[in-house]
There are 2 protein chains.
Amino acid sequence: MNLKELSRILGLSQTTVSRALNGYPEVSAATRERVQAAARQHNYSPNARAKGLATGRAYAIGHVIPSSDSHEIVNPIFGDFIAGAGETYARRGYDMVLTVVDDAEVERAFRAYKVKGNVDGTILHGPLLNDPRIYLLRDIGLPFAVHGRASEVPGDYTWLDVNNRRAFQRATDFLLDLGHRRIALINGLEAMDFAVRRRQGFEDALTARGIPPIPALHRSAEMTEGLGFRFASEMLDGPAPPTAFLVSSFISALGVRRAVLDRGLKLGRDVSIITHDDVLSYMTNGEDEPIFTATRSSVREAGRLLAGMLIDRIEGVTGDTQKMLECDLVLGASTGPAPR
Amino acid sequence: MNLKELSRILGLSQTTVSRALNGYPEVSAATRERVQAAARQHNYSPNARAKGLATGRAYAIGHVIPSSDSHEIVNPIFGDFIAGAGETYARRGYDMVLTVVDDAEVERAFRAYKVKGNVDGTILHGPLLNDPRIYLLRDIGLPFAVHGRASEVPGDYTWLDVNNRRAFQRATDFLLDLGHRRIALINGLEAMDFAVRRRQGFEDALTARGIPPIPALHRSAEMTEGLGFRFASEMLDGPAPPTAFLVSSFISALGVRRAVLDRGLKLGRDVSIITHDDVLSYMTNGEDEPIFTATRSSVREAGRLLAGMLIDRIEGVTGDTQKMLECDLVLGASTGPAPR
DNA sequence: GACCGCCTTCAAAGCGCTTTCAAAGTGCGG
DNA sequence: CCGCACTTTGAAAGCGCTTTGAAGGCGGTC
């Protein structure tokens with residue numbers, strides 16, 4: 001069933017039927033009613049490609065996912081983010097296009113979006129401090145929104161971020177209040193903007209009390225369970241082990257936890273852990289009582305919101321162009337006073 | 001830059017340019033060369049919508065992801081699967097379209113694919129025993145490929161599956177050989193085909209030795225860390241705790257492990273665990289020595305393969321229409337002889 | 001009764017590509 | 001030197017939609 005057939009059935013022109021369906025004001029109420037009923041009855045839905053061709057729009061948002069074997073962004077966090085974004089897309093009539101490419105192909109992928117016209121805009125994941133992709137997207141004129149921020153990129157752009165600095169400052173203060181002085185930081189890759197901000201928050205809190213950070217207790221890497229385990233193991237087996245860990249991801253924290261338990265230590269008594277918790281659907285931080293004390297912010301909600309901001313921008317609707325989310329600090333069983 | 005401009009620049013008709021670029025045989029080698037060079041130089045790439053409209057093809061594959069709050073398929077396993085599928089799509093010039101909808105909207109979403117024509121086919125995730133979506137897709141005539149199988153659906157269709165039954169039979173045998181008799185099964189939802197097959201494999205092995213399964217040591221649910229923890233806790237605290245766990249997912253297994261360690265028990269000595277391992281990029285089963293003894297099969301590779309099978313089918317290329325993957329059984333530190 | 005303005009509808013062009021059908025050019029045998 | 005087959009190129013139609021510009025119908029006004 002296409003427009004032509006439908007209009008023939010109705011004895012109307014394609015023009016009128018199209019306008020009736022798209023809510024233009026110049027069709028009479030009676031005609032509109034009739035057209036809509038017929039469309040429903042014959043299960044008519046406009047062909048997306050033809051509509052796109054005629055309007056110059058794709059009604060789709062693209063996500064480029066770099067996926068070399070070294071650096072994978074196809075992680076559970078990303079999964080939850082797109083679940084949230086996908087809800088918004090569905091609600092507002094957009095498709096979500098995912099493009100998985102090798103690191104080296106990312107630029108080409110964005111250019112292809114523009115040139116092929118298969119998406120109206122894109123969401124940028126995992127921004128670096130001075131992320132070249134932002135310059136690229138500005139340059140080629142593809143609308144975009146950033147999940148996070150890029151501190152060193154000048155100028156304005158649409159973003160949504162968590163107040164990482166504040167969150168980690170609060171978390172560190174909390175540990176300090178409990179008497180911890182040897183606090184380890186297991187951070188994400190500090191080429192990433194969020195990781196730098198978290199470290200800043202961590203250091204802000206230490207500095208405020210005149211406590212120097214301990215280089216041996218600092219790691220920055222991909223946030224996997226395995227690396228969390230390894231880093232924590234190294235530190236715990238070292239000459240001056242930490243009494244507390246501040247961890248950038250729930251997944252790493254599971255690894256840290258494994259290292260702690262493996263050594264027969266008790267969480268919240270011998271060693272404390274605070275982690276950032278993205279509220280992943282498949283790895284909730286406990287059901288009643290949280291496993292970990294955590295700075296919490298739902299990445300799924302972030303997906304919902306940012307997708308909406310991007311679509312607003314594409315459709316010329318005015319709305320927030322920047323948005324900062326504050327974290328909750330939730331108390332779990334993984335923290336306690338520093339052992340003495 | 002579009003076809004018209006490019007052909008004007010070249011002093012050729014759109015016809016010839018189009019043919020040259022699409023590899024039709026009736027253009028001379030010299031012309032083709034010249035056209036391709038010009039296309040490259042002017043960074044020409046055909047508009048996807050126009051191409052789609054003209055060919056009736058979308059050059060895209062859709063994935064419908066149900067996402068109510070109760071049953072979430074947006075899980076890490078899915079993430080790795082689409083990472084693999086995405087690689088194939090990119091290589092073969094396809095886009096990946098993701099549609100996140102409420103459970104109740106799944107049928108509508110598939111119908112929309114067909115009617116809007118925004119994808120050429122779809123991949124079906126998490127098939128049930130007698131999955132209604134298969135009938136639906138056959139009915140509306142949208143090409144599809146199934147990740148897994150639906151045992152109770154008659155007739156032929158394209159699928160790729162892991163030999164779940166065999167894998168779990170071998171795993172169970174392995175535990176039995178170690179002397180375990182009270183073996184718990186922490187399975188996925190047994191409305192899902194794979195979960196039923198795994199239970200069959202488990203029961204096959206027990207039956208072969210005349211050992212009855214123990215209902216109190218059987219669970220079937222969403223495969224989250226939290227539920228793994230809860231189920232294992234219940235069993236370990238029960239009157240007759242298991243000496244070994246057979247777990248359907250690495251994520252659940254982490255929960256089981258947590259329950260075991262929380263009780264001061266030692267893995268591989270007091271309690272054994274075997275899990276299925278989908279080789280998730282963000283949660284590898286240890287680096288040198290595996291954390292868990294596991295039945296292993298890469299879901300990412302499955303994504304790569306199945307995407308290829310679907311595209312073959314869409315393009316009319318002959319290839320495998322069904323494919324069965326065997327699991328490795330890898331030995332880790334989580335298993336040992338049954339305590340006596 | 002002629003004229004004006006408004007409401008409603010329509011014919012047709014155009015979006016950027018593919019593909020059919022026709023025509024022009026080329027080489028070769030008779 | 002003609003005719004034929006073959007190679008190479010082009011004009012134009014068509015994919016299904018939106019949108020411009022024009023026109024028909026109608027009531028109200030002078």
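Being a predicted model, the structure only gives us computed values, none of them experimental. Reminder, nothing fancy here: chain letters follow the sequence lines and each chain counts from 1.
Closest to the side chain of A:Asn2, from the set D:dC17, D:dT9, C:dC17, is D:dC17. Considering only the side chain of A:Leu53, C:dC15 comes nearest among D:dC15, C:dC15, C:dC21. Of the candidate nucleotides D:dT8, C:dT9, C:dC17, D:dT8 has the atom nearest to the side chain of B:Thr31. If you check C:dC17, C:dC10, D:dG16 against the side chain of A:Thr16, the one that comes closest is C:dC10.
What separates CG of A:Leu6 from P of D:dT18 is a distance of 12 Å, to the nearest Å. As a whole-Å value, the separation of A:Leu12 CG from D:dG24 C1' is 15 Å. For the pair B:Leu10 CG and D:dT8 P, the interatomic distance rounds to 17 Å; values are reported in whole Å. The distance from atom CG of A:Leu3 to atom C1' of C:dT9 is 15 Å, rounded to the nearest whole Å. Rounded to an integer number of Å, the gap from CD of B:Glu26 to P of C:dT19 is 10 Å. Whole-Å rounding puts the B:Arg19 CZ to D:dA11 C1' distance at 11 Å. Rounded to an integer number of Å, the gap from A:Gln14 CD to D:dT20 P is 16 Å. The nearest whole Å value for the distance from the CG atom in A:Leu21 to the C1' atom in D:dC17 is 12 Å.
Of the two residues near DNA chain D, B:Ala50 and B:Pro25, the one whose nearest nucleotide lies more 5' is B:Pro25.
Between B:Thr15 and D:dT9 there is no side-chain polar atom (N or O) within less than 4.0 angstrom of OP1 or OP2. The shortest distance between the side-chain N/O atoms of A:Asn22 and the OP1/OP2 oxygens of D:dT18 is below 4.0 Å. Taking only side-chain nitrogens and oxygens, B:Tyr44 never comes nearer than 4.0 Å to OP1 or OP2 of C:dG16. Applying the 4.0 Å criterion to OP1 and OP2 of D:dT7, one finds that B:Ser28 has every side-chain N and O outside that range. Remark: A:Tyr24 is not in phosphate contact with D:dT18, judged by side-chain N or O atoms under 4.0 Å from OP1 or OP2. The phosphate of C:dT18 (OP1 or OP2) has no side-chain N or O of B:Thr55 nearer than 4.0 angstrom. At D:dG10, one or more side-chain N or O atoms of B:Ser13 fall inside 4.0 Å of OP1 or OP2 (strictly under the cut-off). In this structure, B:Ser18 does not reach the C:dC17 phosphate: none of its side-chain N or O atoms is under 4.0 Å from OP1 or OP2.
Side chains of A:Tyr24 and A:Arg32: a donor-acceptor N/O pair is absent below 3.5 angstrom, by distance only.
Evaluation of the salt bridge (Lys or Arg N to Asp or Glu O under 4.0 Å) test over residues 140-150 of chain A, restricted to residues two or more places apart or in two chains, returns A:Arg149-A:Asp161.
For B:Arg108, the CZ atom sits in a loose shell: 12 or fewer heavy atoms of surrounding residues, nucleotides or ligands are nearer than 6.0 Å.
Inter-residue side-chain proximity for A:Leu10 and A:Arg34 is flagged as met; some heavy-atom pair is nearer than 4.5 Å. Residues B:Arg57 and B:Tyr94 have side chains in contact (heavy-atom distance under 4.5 Å, counting atoms from C-beta outward).
Using a 4.0 Å heavy-atom criterion, one finds that A:Arg49 contacts no nucleic acid atom at all.
Across B:Val146, B:Ile140, B:Leu142, a single residue satisfies side-chain contact (heavy atoms from CB on, under 4.5 Å) together with B:Phe144, and that is B:Val146.
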